[in-house]
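In what follows, every chain begins at residue 1, and chains take the letters A, B, ... in the order their sequences are listed. Bear in mind that the values here come from a model prediction, so they are computed numbers and not experimental data.
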Amino acid sequence: MSSEIPAETTHDQHAVRRRKLAELRAAGVDPFRAEFEPTHFSGEALKAHVEGRDNEVPVAVAGRLVTIRDMGKSQFAKVLDQQGEIQLYVKKDVVGEDAYAAFRKLDLGDIIGARGALFKTKTGEITVRVASFALVAKALRPLPEKWHGLADPELVYRQRYLDLVVNRESRRRLLLRSRVVSSIRRFLEARQFIEVETPVLQTVAGGAAAKPFTTHHKALGVDFYLRISLELHLKRMLVAGIDRVFEIGRIFRNEGISRKHNPEFTMLELYQAYSSHRGMMALVREMLLEVCREVIGTDRVLHPASGQTIDFGGAWREVSYKDLVRAETGDPGWFGRGKAEHIAAAEKMGLKVEPGWEDFEVTAEVFSKRIEPGLIQPTFVLNLPRELNPLAKISREDPATLDVFELCIGGMEIAPAYSEQNDPDVQREMFERQAGGEPQSIDHDFLLALEHGMPPAGGMGVGIDRLCMLLTGAESIRDVILFPQLRPAEAKPAGGA
RNA sequence: GGGUUGGUAGCUCAACGGUAGAGCAGUUGCCUUUUAAGCAAUUGGUUCUGGGUUCGAAUCCCAGCCAGCCCA
């Protein structure tokens, strides 16, 4: 295919690079098979330099060539690896004429390895004085522009690998995510929680009210749903005697895509026997504070959309759902009124009320559209109406409400938690009431498990994506998901010249 | 699903009814401690797709595709 490239082509960067590759191959070099073993990541190499002892510490580093400054008989270049960038200094009379000429033929984006000793340039940058180098993978496509990076949001999402190569902020955000998850694991493991994995393919998609994705298993001849929650299987683990259990897993909801929603997202769910929603309040506060300190080194993080600084270290507000609704509607008698009055009031606030809604759904709409977005500082919303969740214990003091909280931070629901319903008869009744005309949506196997006895427990879910949004100041969930869902692009075969 | 904004060189962006440009990247030179290196020269376009209006369309109109934002 390289023979199809006119020798004089200089404008088509893909063709030029293919020609360079063909020349290398013709000279007996296969850059995709070169062997190179780095001794240091860039960050480690920078730390390995000893002040005042230039050219004494040998290192071998490897990564993608992201800048080249050609000075004639010497060059400065930077390679990028998972820890960041390190500068290389390539001097003609050090590497020799042939190697120097080969270095000049490299392209931005090529993956190379370099050996040499560390020194500090006169501007104070720790740099590898290159003694030898190897091209270990040729890049046939050019990198995006070095200063503005990749700005087109569509390309950022579709070609995230390029975004990560050129956009520092994206790297920071997506690397931070892995530290959030590992920090959560450490926190829970230190408290004797056991991590498990439960099925994604389920015959009943329970544990939440959401539209599921469906799929089909050929060998069994059975349709399955992708899970919409982790809850019902983790509770089976409580029945099994695993008293503190958690899962960090992907769940799938066949609903709209927005700044706060991706059809697949990551949830932490944890269950602690002999605890309650009150216990969960203490646990989640401790957990988020520790994650925050470990990952970003402070209790306070800017929330760009509101301009406020979220303070994880302060006292977290506790307020009842009813009080919030009464305050927002300016109507102390709100919960004494009927559906028609609620609808009229909601519409007056500019909210759209769907025809089929129950009364409690009208109020829930007021909460989610008018109240939740204003809860920027960590806020436990307590005493939610019992219609909102069939899996929580009904409050003894006020049987119209549940022993639950909804933790809101940054105007988003971050973590719901309950005192878990463990009475199989009440659970069955709640399921039946919620299922309405769809009895097939009841997980009878779960009810059977409950009849074997589940210890009283506190349980909680934490939206990992949203937590990462808070900690990174991201305004869209897409900014903390590596490959967010998009409509498939027109398939274009790569390659060729 | 509705509204709205956008889609122009590999990338980031101009051009607002009259010859499609710049910066970076590329190519060719010069330069042995640079920092978005510098200097000189230079290549590169199905203006998302398809229709329409017009003497003339990147630009105006219609439809479609993709994306962002707002709403549902």
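Annotation: rA20(B) and rG44(B) have their C1' atoms spaced 13 Å apart (nearest Å). The separation of rU59(B) from rU53(B), taken at their P atoms, amounts to 15 Å, rounded to a whole angstrom. One P atom belongs to rA14(B), the other to rC62(B), and the distance between them is 23 Å to the nearest Å. With both ends at atom C1', the span from rU19(B) to rG45(B) equals 14 Å, rounded to whole Å. Taking atom P on both rU43(B) and rU28(B), the two are 14 Å apart, rounded to the nearest angstrom. Straight-line distance between the P atoms of rU12(B) and rU32(B): roughly 35 Å, to the nearest whole Å. A gap of 34 Å separates the C1' atoms of rA57(B) and rC71(B), to the nearest Å. Between rA37(B) and rC31(B), the distance separating the two C1' atoms is 11 Å to the nearest Å.
Atom NE2 of H14(A) is separated from atom P of rG26(B) by 16 Å (rounded to the nearest Å). When the P atom of rC70(B) is taken as reference, atom CD of E475(A) falls 9 Å away, rounded to whole Å. Taking atom CZ of residue R19(A) and atom C1' of nucleotide rU28(B), one finds them 13 Å apart after rounding to whole Å. rU27(B) atom P lies 8 Å from atom CZ of R17(A), rounded to whole Å. Note: NZ (K146(A)) to P (rG23(B)) measures 14 Å, nearest angstrom. The nearest whole Å value for the distance from the CG atom in D70(A) to the C1' atom in rC39(B) is 13 Å. Rounded to a whole Å, the CD1 atom of I257(A) is 17 Å from the P atom of rC71(B). Between the C1' atom of rU12(B) and the CG atom of L150(A) lies a distance of 10 Å, rounded to the nearest Å.
Checked for salt-bridge contact, E51(A) and K120(A) meet the test: a charged N lies under 4.0 Å from a carboxylate O. Ionic pairing of E23(A) and K20(A) is not present here: no N-O contact between side-chain nitrogen and carboxylate oxygen is shorter than 4.0 angstrom. K73(A) and D93(A) are not joined by a salt bridge, as no carboxylate oxygen comes within less than 4.0 angstrom of a charged side-chain nitrogen.
For E145(A) against rA25(B), a side-chain-to-base donor-acceptor contact under 3.5 Å is absent. Scanning atom types as modelled, no donor and acceptor separated by under 3.5 angstrom connect the side chain of D152(A) and the base of rU12(B). One can find a donor-acceptor pair under 3.5 Å joining the base of rU33(B) and the side-chain atoms of R129(A). Below the 3.5 angstrom threshold, one finds no donor paired with an acceptor across the side chain of E125(A) and the base of rU33(B). T121(A) contributes a side-chain N or O that forms a donor-acceptor pair with the base of rU34(B) under 3.5 Å.
In this model, the phosphate group of rA37(B) is approached by a side-chain N or O of R69(A) to a distance below 4.0 Å at OP1 or OP2. Listed pair R141(A) / rA25(B) fails the phosphate criterion, with no side-chain N or O lying under 4.0 Å from OP1 or OP2. Distances shorter than 4.0 Å separate none of the side-chain N or O atoms of K352(A) from OP1 or OP2 on rC71(B). When the side-chain nitrogen and oxygen atoms of K73(A) are compared with OP1 and OP2 of rU34(B), none of them lie within a distance under 4.0 Å.
Within the nucleic acid shown, L162(A) has no heavy atom closer than 4.0 Å to any nucleic acid atom. Residue contacts for G149(A): at a heavy-atom cut-off of 4.0 Å it reaches the sugar-phosphate backbone alone, with no base atom in range. R104(A) comes within 4.0 angstrom of a base, heavy atoms only. Residue K20(A) is classed as a sugar-phosphate contact, given heavy-atom separations below 4.0 Å to backbone atoms only. Looking at heavy-atom distances under 4.0 Å, F119(A) makes contact with a base. Within the 4.0 angstrom heavy-atom criterion, only backbone atoms of the sugar-phosphate kind lie near R487(A); the bases stay farther away. The residue Y89(A) sits close to a base: some heavy atom pair falls under 4.0 Å. Heavy atoms of H148(A) sit under 4.0 angstrom from primed sugar atoms or phosphate atoms, though from no base atom.
At least one donor-acceptor pair under 3.5 Å links the side chain of H342(A) to the backbone N or O of W334(A). Between the side chain of R115(A) and the main chain of P58(A), no donor-acceptor pair closer than 3.5 Å is present.
Of the listed nucleotides (rC69(B), rC66(B), rA72(B)), rC66(B) has the atom at the smallest distance from the side chain of E154(A). Of the candidate nucleotides rA36(B), rC70(B), rU43(B), rA36(B) has the atom lying nearest to any side-chain atom of W147(A). Of the candidates rA67(B), rG10(B), rA37(B), the closest approach to any side-chain atom of R158(A) belongs to rA67(B).
In a base pair of the Watson-Crick type (N1 to N3 plus N6-O4 or O6-N4) or a G-U wobble (N1-O2 and O6-N3), with each distance short of 3.5 Å, rA57(B) is matched with no nucleotide. The nucleotide rU47(B) finds no pairing partner, because no Watson-Crick or G-U wobble arrangement with both distances shorter than 3.5 Å includes it. When Watson-Crick and G-U wobble pairs are counted only if both distances are under 3.5 Å, rG26(B) pairs with rU42(B). The partner of rC69(B) is rG3(B), judged by Watson-Crick or G-U wobble contacts that both fall below 3.5 Å.
Relative ring orientation between F103(A) and F133(A) is described as perpendicular, the plane-to-plane angle rising above 60° on a 0-90° scale split at 30° and 60°. Between F224(A) and H217(A), the two ring planes are perpendicular [angle over 60°; tilted spans 30° to 60°]. Between F367(A) and Y321(A), the ring planes are tilted. Angles from 30° to 60° get that label. Taking the six-membered ring where the residue is Trp, F405(A) and F380(A) present perpendicular rings, their angle passing 60° and hence far from 30°.
Going from atom CG of L232(A) over to atom CD of E269(A) covers 9.0 Å, rounded to the nearest 0.5 Å.
Proximity of residues 40-51 of chain A to RNA chain B (heavy atom under 4.0 angstrom from any strand atom) is not detected for any residue. Residues of residues 105-116 of chain A that place a heavy atom closer than 4.0 Å to RNA chain B, in numerical order, are L108(A).
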Could you walk me through whether R177(A) and T266(A) pass the side chain to side chain donor-acceptor pair (under 3.5 Å) check?
CA-CA 11 Å; R177(A) 181 176 174 132; T266(A) 303; 3.2 Å; yes
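Test L375(A), T379(A), I376(A), L288(A) against I409(A) for side chain to side chain contact (heavy atoms under 4.5 Å, CB included) and you get one pass: L288(A).
Legend: residues meeting side-chain contact (heavy atoms from CB on, under 4.5 Å) with R168(A), ordered by chain and number and at least two apart, are E85(A).
If you check the side chains of D81(A) and S42(A), you find a donor sitting under 3.5 Å from an acceptor.
Looking at which nucleotide of RNA chain B each of S476(A) and I68(A) is closest to, the 5′-most match is held by I68(A).
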